[in-house]
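First comes the structure, then the notes that go with it.
By convention in this document, chain letters (A, B, ...) are assigned in the order of the sequence lines, proteins followed by strands, and residues within each chain are numbered from 1.
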Protein chains: 2
Amino acid sequence: MELSERKLKILKSIIDEYIDRGEPVGSKHLMEYGNISLSPATIRNEMSDLENMGYLDKPHASAGRVPSGNAYRLYVEELMQEYKTSSEQLDLLSELTRFKTEEKDKIVEKARKIMSKMTNYASITVSENLPGAVISRFETMIIDSESMLLVMIMPDGRVNTKHLSTGTALDANDAQIIKNALNAHLSGRSLDDVSLSDIMSIEEEFGDMKALVNPILRIAYEAAVGSERRSVEVDGITNLLSYPEFKNVEKVKDLLGLFEQNGDTIKDFLPVESDESGLKVYIGDEENSKLSDTSIVFCSLPVGNRNTIFGILGPKRMDYKKATNALKRLSQTLQSLAKDEDAPRAIAENSGFSDEKDGKTD
Amino acid sequence: MELSERKLKILKSIIDEYIDRGEPVGSKHLMEYGNISLSPATIRNEMSDLENMGYLDKPHASAGRVPSGNAYRLYVEELMQEYKTSSEQLDLLSELTRFKTEEKDKIVEKARKIMSKMTNYASITVSENLPGAVISRFETMIIDSESMLLVMIMPDGRVNTKHLSTGTALDANDAQIIKNALNAHLSGRSLDDVSLSDIMSIEEEFGDMKALVNPILRIAYEAAVGSERRSVEVDGITNLLSYPEFKNVEKVKDLLGLFEQNGDTIKDFLPVESDESGLKVYIGDEENSKLSDTSIVFCSLPVGNRNTIFGILGPKRMDYKKATNALKRLSQTLQSLAKDEDAPRAIAENSGFSDEKDGKTD
DNA sequence: TTTTAGCACTCTTTTCAGTTGAGTGCTAAA
DNA sequence: TTTAGCACTCAACTGAAAAGAGTGCTAAAA
């Protein structure tokens with residue numbers, strides 16, 4: 001059977017209505033509120049066809065229809081309209097721009113919070129070291145007689161600092177020696193192929209300073225590649241609690257449970273090649289009970305020396321146009337921040353994106 | 001009426017049972033499982049007395065009894081037994097010790113996560129600048145041609161770093177000038193009395209460098225006292241979702257809502273003088289509907305140049321002995337970390353605390 | 001005087017049978 | 001091809017009845 005113009009219109013109306021109200025959509029309701037000028041009976045016939053074609057489901061015989069996974073997929077890819085970015089949302093994005101000059105490390109965190117605020121859904125970020133990231137050099141700075149600051153610098157100017165206490169006296173000379181040793185062995189190396197044993201082999205160069213140098217090297221290793229190889233963070237769970245889909249606490253628990261581990265589970269649902277930057281949409285899938293009623297709009301971007309997946313997480317009937325728009329805007333903002341490092345105050349909303357939608361809708 | 005030995009025993013049994021099962025405790029149940037060798041009728045008489053004395057409540061006529069706020073208070077202060085720290089809990093604490101040499105800034109975060117894991121409740125930390133905290137000095141480090149690292153050092157050795165991009169060329173000389181200006185005006189000053197206009201007045205010293213120096217000064221201000229004047233963080237909300245008290249999503253929302261603002265609301269419930277270090281217990285209070293079914297065990301400790309409230313947050317019928325024990329251990333561990341800065345590997349469980357319970361129970 | 005058995009009473013929770021109402025599918029007429 | 005009409009389905013609601021857990025009181029037992 002063909003998906004006629006009329007069928008598409010009806011399907012889109014059903015999805016819009018369902019996203020809006022969260023309750024199965026009936027033929028009569030669609031006629032009244034869905035802007036379809038056909039009798040309920042005709043609509044019913046079309047709905048029945050759409051059900052047979054796999055685009056609609058029926059919770060039970062006397063309920064209305066609910067969009068299927070396929071329907072959402074079609075909706076996201078072809079049916080949905082543009083979303084007009086609101087001025088509140090633009091304000092949020094410009095907060096991110098303002099962040100530029102501050103600590104780069106916090107950009108991901110800030111972006112995550114902005115995603116939640118822009119959409120009223122939850123947000124997730126998954127950061128991992130970029131496969132090819134290279135260490136540019138190390139610097140040290142004496143803080144006091146027993147501690148120093150170790151700074152690892154990446155070619156893109158991103159820095160990683162660790163403040164470490166040695167427990168033994170430390171002078172500028174020691175710091176210099178350590179810095180030189182680290183630079184001699186590690187600068188130019190890729191983060192991926194620095195191993196702990198690698199680092200420990202540096203220790204051998206130090207005769208009577210071994211005891212001093214050992215903990216420092218361990219921490220240098222941490223700074224370079226260590227515990228934060230992958231970090232998964234979630235924000236805005238509160239937002240989800242407002243949706244009836246999550247009124248059952250078990251669902252929320254299941255969902256949160258997915259993020260508590262090292263992120264392997266959630267990465268399975270966010271399939272991205274490290275070099276592609278487009279938006280993707282994961283649509284809740286019955287086969288994975290824990291995410292069966294959850295959708296995730298996500299994309300992947302390099303931020304500093306790490307690759308980060310940004311995701312917006314909502315019920316399956318989430319407002320996809322709002323979510324995809326928000327993420328697209330965010331990603332543009334982040335990219336322009338990364339690119340125009342020398343144009344300090346480029347604000348997202350008027351910097352001529354190649355996004356043809358803006359002209360029409362803003 | 002007197003609180004006889006027998007009444008106390010019955011009251012304690014009721015509280016223990018209620019904490020354990022979460023359901024009103026009846027006279028017959030208490031006889032069978034509460035280790036009371038009296039007939040239900042006798043127990044009923046005592047319960048009736050305890051109700052009149054304000055220690056027990058009745059949800060309705062044909063339900064069992066539930067402890068009142070007064071009862072929990074008495075329980076926490078006099079009735080409850082010692083809790084034996086488990087080996088898993090000790091392991092968690094030792095993770096904190098291992099953190100010592102790493103970034104001090106992350107100790108609070110780590111401690112918060114440990115509180116959740118030790119108790120299976122939620123945890124909260126509220127950090128604020130210590131009233132008297134003083135800036136020791138500033139340092140700068142050139143990262144690349146357009147960015148530098150600004151480091152603020154406190155007398156206790158704690159550091160605060162900001163990586164800032166200027167958007168204009170920057171050399172070691174500029175960095176030196178900025179550093180000197182900041183040190184001349186701000187070192188020795190208390191964080192409290194540094195104001196933005198204060199900082200901006202420094203700008204006047206710079207003639208043609210004004211434009212360069214302005215954003216840097218703003219960020220220096222941020223680094224010193226800015227946005228992080230108070231930070232409120234919560235962890236382990238998932239844990240709470242397992243308790244029937246929080247099966248109603250509205251309750252969870254209410255609770256989370258308390259932390260989303262700047263923390264003023266939650267600070268009202270955590271009354272601590274900045275210089276006292278003992279444990280306190282907030283016991284859910286009917287008058288504050290949002291916290292009516294929530295208790296918080298908390299204490300306040302200086303960590304670096306900030307004062308931090310550590311709290312364990314659970315249902316009103318939380319396992320107070322477990323929670324108070326966990327927090328006590330944690331606070332001891334943190335204090336010993338702060339004190340024995342020069343004894344690198346002091347592990348909590350065998351370093352001779354002045355806590356008489358350890359001998360008996362571990 | 002204290003403890004306990006017995007029993008009527010209270011109030012929530014569960015169960016079950018109607019009843020309602022939204023929505024469907026099918027048929028036949030427009 | 002569209003639509004009106006109608007029988008049918010099924011979740012959701014309603015209200016009454018039954019069950020169950022626990023109490024308070026009284027009077028007997030210890």
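Residues B:Phe298 and B:Phe269 place their aromatic rings such that the two centres sit no closer than 6.0 Å.
For B:Glu51 and D:dC25, the CD to C1' distance is 15 Å, given to the nearest whole Å. One interatomic measurement links the two molecules: CE of B:Met31 to C1' of C:dA5, which rounds to 12 Å at whole-angstrom precision. Between B:Glu5 atom CD and C:dT2 atom P there is a gap of 17 Å when expressed in whole angstrom units. For the pair B:Arg44 CZ and D:dC25 C1', the interatomic distance rounds to 10 Å; values are reported in whole Å. As a whole-Å value, the separation of A:Asn52 CG from C:dT24 C1' is 14 Å. Taking atom OH of residue A:Tyr18 and atom P of nucleotide C:dG23, one finds them 14 Å apart after rounding to whole Å. A straight line from CD1 of A:Ile14 to C1' of C:dT24 spans 13 Å, rounded to a whole angstrom. The separation between A:His60 atom NE2 and C:dG21 atom P is 16 Å, rounded to whole Å.
Pairing of C:dT13, defined by two Watson-Crick or G-U wobble distances under 3.5 Å, is identified with D:dA18. In this structure, C:dT3 forms a base pair with D:dA28, meeting either the Watson-Crick or the G-U wobble geometry with both donor-acceptor distances under 3.5 Å.
For the atom pair B:Leu79 CG and B:Tyr320 OH, the distance stands at 13.0 Å (nearest 0.5 Å).
Across all strands, A:Lys28 comes closer than 4.0 Å to no nucleic acid atom at all (heavy-atom distances).
Minimum atom distance to the side chain of A:Asn45 is reached by D:dT3, of the listed D:dT3, C:dA22, C:dT24. Residue B:Ala61 places its side chain closer to C:dC11 than to any other of C:dC11, C:dT3, D:dT3. With distances taken from any side-chain atom of A:Met47 to the nucleotides C:dG25, C:dT24, C:dT4, the minimum falls on C:dT24. Side-chain proximity of A:Ser62 to D:dT2, C:dG21, C:dG25: nearest is C:dG21.
Checked by atom type, the side-chain pair B:Ser13/B:Asn35 shows no donor-acceptor distance below 3.5 Å.
Contact annotation: B:Arg6 reaches the phosphate of C:dT3 (side-chain N/O to OP1 or OP2, under 4.0 Å). A:Thr42 has a side-chain polar atom (N or O) that falls below the 4.0 Å cut-off from OP1 or OP2 of D:dT3. In this structure, A:Lys58 reaches the C:dG25 phosphate: one of its side-chain N or O atoms is under 4.0 Å from OP1 or OP2.
Both A:Ser39 and A:Pro59 sit near DNA chain D, but only A:Ser39 has its closest nucleotide nearer the 5' end. DNA chain C is contacted by both B:Ser37 and A:Arg65; B:Ser37 maps to the nucleotide lying nearer its 5′ end (nearest heavy atom per residue).
B:Asp293 pairs in a salt bridge (Lys or Arg N to Asp or Glu O under 4.0 Å) with only one of the listed residues (B:Lys316, B:Lys251, B:Lys247), which is B:Lys251.
Side-chain contact check for B:Leu327 versus B:Met115: some heavy-atom pair is nearer than 4.5 Å.
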